[in-house]
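Labels below follow one simple rule: chain letters A, B, ... track the order of the sequence lines, proteins then strands, and each chain is numbered from 1.
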Amino acid sequence: MDFLQGMNPQQREAVAHLEGPLLLLAGAGSGKTRVITHRIAHLVETHQVPGPCILAVTFTNKAADEMRQRVHSLLGGDRGRSSPLVSTFHSFCVRLLRRDGAKLADIRPGFTRNFTIYDDDDQVALLKSIYRELGLDDKFLAYRAACSWISHNKSQRIGPQDVYKSAQDPKASRMAVIYDRYEQRLRLANSLDFDDLLLESVRLLRHDTDLRAQYNRRFEFVMIDEYQDTNRTQYDLIRLLSDSHKNIVVVGDEDQSIYGWRGADIRNILDFERDYPNAAVIRLEQNYRSTKNILEAASAVVANNKERKGKWLWTEAGTGDRIGIYEAADAENEALFIADNIDKLMRDFPGQRVAVLYRTNFQSRQIEEALRRYNRQYIVVGGFSFYQRAEVKDLLAYLKVLLSPSDSISLLRIINNPARGIGKSSIEQIEQFALKNELSLWSAIVRLLDEGAFPARAESALRAFRNMLEDLMAAVPKQTIDETLRQILERSGYQKMLASVETPESESRIGNLMELVNAATEAAERGESATEFLDHAALVADSDSLDEQAGISLLTMHNAKGLEFPFVFIAGLEEGLFPHSRSLDSAAQMEEERRLCYVGMTRAEKKLFLTHAKFRRKFFGSPPERCIPSRFLKEVPRALVQSLGVQSRNTNVDLFSEQREVRETVKKNLYTGKTYDSVENINQFFAERGGPAPVARPPQVVQQPQRPAAAAAPMQARKKKPFGAGSLVSHPKYGRGTVLRREGEGDDAKLTVSFPGYGLKKLIEKFAGIREE
DNA sequence: TGATTCTACGGTCTC
DNA sequence: CGTAGAATCA
């Protein structure tokens with residue numbers, strides 16, 4: 001197959017590029033992914049480069065999955081040939097450190113390849129603990145703010161000492177102390193945060209020259225996607241990986257750099273030519289996605305930025321509709337306008353996807369409510385993901401502790417959860433002792449118990465806790481992951497705790513936990529270790545679970561990067577919201593907001609709507625505030641605008657009663673409308689991660705055991721009865737769903753069923769009128 | 001000690 | 001409105 005066929009001249013040149021550095025400036029919708037995948041296939045087929053010698057790095061798992069699939073199908077699905085490594089930065093680094101990280105112990109005392117990963121919740125928990133230690137509270141500096149401050153310093157290579165030395169006031173030096181403690185505690189717990197994964201990989205490759213040489217030999221060709229969003233650490237990593245051969249292709253678009261707040265350094269792309277003097281540069285400027293009007297409008301907006309290389313995308317597509325701009329009286333009306341137009345669009349263009357984009361997640365709420373009015377199903381991308389749910393994190397924390405007892409933050413999370421008589425004072429005692437002796441909490445508990453230092457009640461509680469953990473630890477090597485998880489649920493009393501309260505909430509929690517066990521079963525079947533399972537849980541992002549087949553998607557503009565939709569609405573174009581208030585006083589941040597606007601606008605293929613409200617309330621109860629239309633609206637050339645005047649009053653319905661009704665449903669039912677974390681999606685998600693050919697198979701949901709003794713019973717001992725847990729059913733009103741749980745016998749049986757788009761429903765079998773799917 | 005209620009306060013984007 | 005931490009009661 002000729003991989004150069006059907007390409008325009010610039011694309012062809014990029015695909016054919018063989019050796020040496022290349023900067024590929026690929027505008028929005030210019031066929032970037034196609035070029036990358038074709039280049040990989042071209043290297044393999046035409047130049048006989050062995051697959052494993054090629055490394056392609058992307059930013060999200062989703063992008064990596066997609067790329068892997070596309071390369072695979074380009075290469076004719078030849079399974080015999082080993083494929084290139086397509087990975088995210090973070091998973092690449094985890095892999096590096098787990099496999100070849102032993103030598104890192106030389107420069108990071110206490111490090112073992114058994115390390116645990118701290119996500120942002122863990123980071124916050126750690127900071128809380130440090131605040132407590134230093135006698136501070138979050139009025140000093142909000143935990144999250146402290147978190148991002150530390151992260152920022154870390155990725156810039158500014159250590160606690162540097163901060164301390166340059167501190168001008170007591171607050172700054174105190175922050176240096178917090179930062180210092182934070183780093184120490186991470187080391188003590190043998191844990192790495194997200195920044196560390198990258199940083200320590202860089203340090204390892206610098207330190208271990210043999211390893212570096214080995215990786216240079218192994219990955220002869222390196223490609224980096226979304227290069228404009230790399231930070232300094234990632235930049236260093238890239239350099240180290242392409243150190244000896246310089247066969248490095250970076251693909252990016254400075255106009256789409258939207259992660260500056262996360263440390264992305266736009267200079268990486270602007271300075272590439274300086275850093276690699278002989279770099280070839282190719283520009284892809286033909287857009288294949290949007291109409292001429294959309295493209296011109298977006299280009300006109302971003303042209304107001306100063307810090308850019310400057311390019312002008314063109315298209316052969318037709319002019320298309322003008323950009324619809326709508327001014328709503330308030331946010332409710334804005335949401336209704338959007339829902340109403342979506343409703344019309346979906347009737348006029350069945351099967352076409354629509355996206356509603358916004359700056360901040362909280363904006364989704366009103367749009368959701370309006371869409372429900374129209375009985376339209378939608379998917380919210382982002383927000384709370386499966387792995388962020390408290391019960392899921394709890395169970396994973398148990399697993400983390402079993403694998404790495406020095407992980408004190410996870411230990412803290414589970415030590416009295418469920419309540420087992422280890423109270424505040426005992427925990428304080430343990431923490432103090434650990435602090436004084438530079439021990440992990442686990443070692444502190446063991447030591448204190450051996451010394452008999454606890455009061456009698458605490459002593460017995462802690463002894464029981466220790467015994468339980470030790471038993472579980474001993475069993476881990478002999479079990480599969482799912483067995484371990486089941487053991488934890490049983491022995492810790494967690495399952496009992498949830499089962500003892502019969503609220504819909506605890507029901508759904510049990511459902512989530514069973515789902516996690518399920519995922520573990522599948523991971524075990526794929527031969528994954530418990531550590532790999534945890535790594536996966538730590539590194540998945542919300543946007544990874546995005547279902548592109550969904551008719552209506554609600555998502556932030558950040559989440560929308562790399563996606564395209566025939567119809568796009570961007571809501572809330574108001575000064576202070578978009579551009580966001582925190583960006584108003586910095587020119588650089590304002591430019592990033594504008595790039596974000598550009599990213600949002602260029603997602604649209606056929607028709608783009610921009611909406612804003614005259615009044616909006618900041619949060620519930622506060623009075624609506626007058627809003628100034630966003631400056632970005634004025635930057636769209638008037639000739640391209642179609643003003644969608646104030647819609648007649650008849651859409652002015654009573655949203656308040658509507659909201660109340662919706663809120664009631666939400667209360668009863670955790671899942672309403674949030675199909676992204678329905679059982680089906682989660683299952684599909686895991687199925688897809690299994691291999692190149694996703695198989696849609698019915699979820700295997702473990703039935704809630706009647707007695708603890710049944711907990712260890714194998715899954716295949718499922719009831720043969722119709723509508724048992726795991727069977728697919730269809731309901732006259734809710735459509736297809738999956739039975740999660742069955743209680744009782746015969747016709748009186750109560751079923752808990754998860755319906756995508758409607759959530760968990762409890763039904764009596766004989767009344768429900770459900771049938772087998 | 002643990003469960004429940006009360007109160008104060010606050011919010012960008014997220015690998 | 002949510003949430004976190006304090007206060008209160010069993």
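Counting any heavy atom pair closer than 4.0 Å across all strands shown, A:Tyr358 reaches no nucleic acid atom. Among the heavy atoms of the strands, none lies under 4.0 Å from A:Asp195. Residue contacts for A:Ile422: at a heavy-atom cut-off of 4.0 Å it reaches the sugar-phosphate backbone alone, with no base atom in range. Heavy atoms of A:Arg144 sit nowhere under 4.0 angstrom from any nucleic acid atom. Among the protein residues, A:Ser425 comes within range of the sugar-phosphate backbone only, with heavy atoms under 4.0 Å from sugar or phosphate atoms but none that close to a base. Residue contacts for A:Ser155: at a heavy-atom cut-off of 4.0 Å it reaches no nucleic acid atom on any strand shown.
A close approach under 4.0 Å does not occur between any side-chain nitrogen or oxygen of A:Ser148 and OP1 or OP2 of B:dC13. The side chain of A:Asn416 places an N or O atom within less than 4.0 Å of a non-bridging phosphate oxygen (OP1 or OP2) of B:dG2. Put simply, A:Tyr131 has no side-chain N or O that comes within less than 4.0 Å of OP1 or OP2 on C:dA4. At least one side-chain nitrogen or oxygen of A:Asn361 sits closer than 4.0 Å to the OP1 or OP2 atom of B:dT14. Checking the phosphate oxygens (OP1, OP2) of C:dG2, a side-chain nitrogen or oxygen of A:Arg365 falls inside 4.0 Å. The side chain of A:Asn559 contributes no N or O atom lying less than 4.0 Å from OP1 or OP2 of B:dC13. Contact check, A:Lys128 against C:dG5: a side-chain N or O comes under 4.0 Å of OP1 or OP2.
By the criterion of a centre-to-centre distance under 5.5 Å and near-parallel planes under 30°, the ring of A:Trp261 forms a stack with the base of B:dC13.
Salt bridge A:Lys424/A:Glu431: absent, no basic N to carboxylate O contact under 4.0 Å.
Under the 30°/60° scheme for interplanar angles, the aromatic rings of A:Tyr235 and A:Tyr227 are found to be tilted.
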